[in-house]
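What you are looking at is a predicted structure, and each value in this text was computed from that prediction instead of being measured. The analysis underlying the following values was restricted to heavy atoms, covering all of them including side chains, and did not include hydrogens, waters or symmetry mates.
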Amino acid sequence: QVQLVESGGGLVQPGGSLRLSCAASGTIFSISVMCWYRQAPGKQRELVATITRGGFTTYADSVKGGFTISRDNAKNTVYLQMNSLTPEDSAVYYCYHPANYWGQGTQVTVSS
């Protein structure tokens, strides 16, 4: 069983930054790809970023250059650093493990 717990969401002004964290239980974390998804109201859930155990990363075109995914295998934690946020980045952000485990989500609201 894998449990994922996100934190770090909140309200931020346009142009601001947030760092999301996802703490994972279970030893499976250290051998796995981890992902961040987001879902805005009325929209489909979309893949934002992925990271392999070795640190290889991929990003959605919409966040390239602004978001950075990273991980600390010793802490079983994956991070999403989000810079230069815009209102279009407002969504619930979810951590995802490819064995079909989802976190509960953390709300990010970008508004002045």
Side-chain angles (χ1 to χ4, degrees):
Q1 186 75 14
V2 173
Q3 288 188 318
L4 305 174
V5 180
E6 301 100 333
S7 61
L11 174 64
V12 63
Q13 292 187 342
S17 298
L18 282 174
R19 189 174 85 151
L20 307 182
S21 298
C22 171
S25 64
T27 57
I28 198 170
F29 174 87
S30 65
I31 62 173
S32 299
V33 171
M34 294 296 297
C35 309
W36 284 100
Y37 279 78
R38 68 184 180 185
Q39 188 167 21
K43 294 187 177 181
Q44 288 188 329
R45 193 169 293 189
E46 66 168 336
L47 178 62
V48 174
T50 66
I51 186 167
T52 67
R53 180 182 185 275
F56 181 78
T57 59
T58 62
Y59 297 93
D61 287 343
S62 58
V63 305
K64 281 180 181 177
F67 289 14
T68 303
I69 188 171
S70 61
R71 66 191 291 165
D72 185 332
N73 291 333
K75 295 182 178 179
N76 280 6
T77 302
V78 62
Y79 305 97
L80 187 67
Q81 177 67 43
M82 305 185 295
N83 298 328
S84 302
L85 286 162
T86 72
E88 288 69 37
D89 295 315
S90 296
V92 178
Y93 284 72
Y94 297 92
C95 184
Y96 174 73
H97 182 283
N100 203 30
Y101 292 104
W102 293 92
Q104 83 286 356
T106 185
Q107 177 71 50
V108 171
T109 302
V110 185
S111 175
S112 56

Q.
Can you confirm whether more than 12 heavy atoms, excluding those of Gln3, are under 6.0 Å from its CD atom?
A. no
Q. Is the closest side-chain heavy-atom distance between Asp89 and Met82 below 4.5 Å?
A. no
Q) Just by modelled atom types, is the Thr52 backbone N or O under 3.5 Å from a matching donor or acceptor in the Arg71 side chain? A) yes
Q: Supply the atom-to-atom distance Gln81 CD to Leu18 CG, rounded to the nearest 0.5 angstrom.
A: 8.5 Å
Q | Test item: Thr50 and Phe56 side chains (from C-beta on) under 4.5 Å apart, heavy atoms | A | no
Q: Output the distance between atom CZ (Phe67) and atom CG (Leu85), rounded to the nearest 0.5 Å.
A: 5.0 Å
Q: Mind checking the CD1-CG spacing from Ile69 to Leu20? Nearest 0.5 Å is all I need.
A: 10.5 Å
Q: Spell out, as yes or no, whether a donor-acceptor pair under 3.5 Å connects the side chain of Glu6 to the backbone of Gly105.
A: yes
Q.
Would you compute the distance between atom CG of Leu47 and atom CH2 of Trp36 and round it to the nearest 0.5 angstrom?
A. 12.5 Å
(Q) Can you give me the closest heavy-atom contact between Tyr59 and Lys64, atom names plus distance? (A) O-CE, 3.4 Å
Q) Out of curiosity, Gln39 CD to Gln107 CD, how far, rounded to the nearest 0.5 Å? A) 11.0 Å
Q. Side chains of Arg38 and Ser62: closer than 4.5 Å at any heavy-atom pair?
A. yes
Q | Separation of Asn73 CG from Met34 CE (nearest 0.5 Å) | A | 10.0 Å
(Q) Side-chain heavy atoms nearer than 4.5 Å, only ILVMFWY residues, links allowed to pass through others: does that put Val2 and Tyr93 together? (A) yes
Q) What's the shortest heavy-atom distance between Cys35 and Val33, and which atoms? A) SG-CG1, 4.1 Å
(Q) For a 4.5 angstrom cut-off between non-hydrogen side-chain atoms, does Val12 reach Ser17? (A) no
Q. Linking I/L/V/M/F/W/Y whenever any side-chain heavy atoms sit under 4.5 Å apart, do Tyr37 and Leu80 land together?
A. no
**Q.** Heavy-atom pair of closest approach, residues Tyr94 and Gly103
**A.** CD2-O, 3.6 Å
Q: On the 0 to 90° scale, with breaks at 30° and 60°, tag the Trp102-Tyr96 ring pair as parallel, tilted or perpendicular.
A: tilted
Q. If every non-hydrogen atom of Ala91 is compared with every non-hydrogen atom of Ala40, which pair is closest and at what distance?
A. CB-N, 3.8 Å
**Q.** Heavy-atom check, side chain of Tyr79 versus side chain of Asp72, under 4.5 Å
**A.** yes
Q.
Would the pair Cys95 and Cys22 meet an SG-SG distance criterion of under 2.5 Å?
A. yes
Q) Just by modelled atom types, is the Val110 backbone N or O under 3.5 Å from a matching donor or acceptor in the Ser90 side chain? A) yes
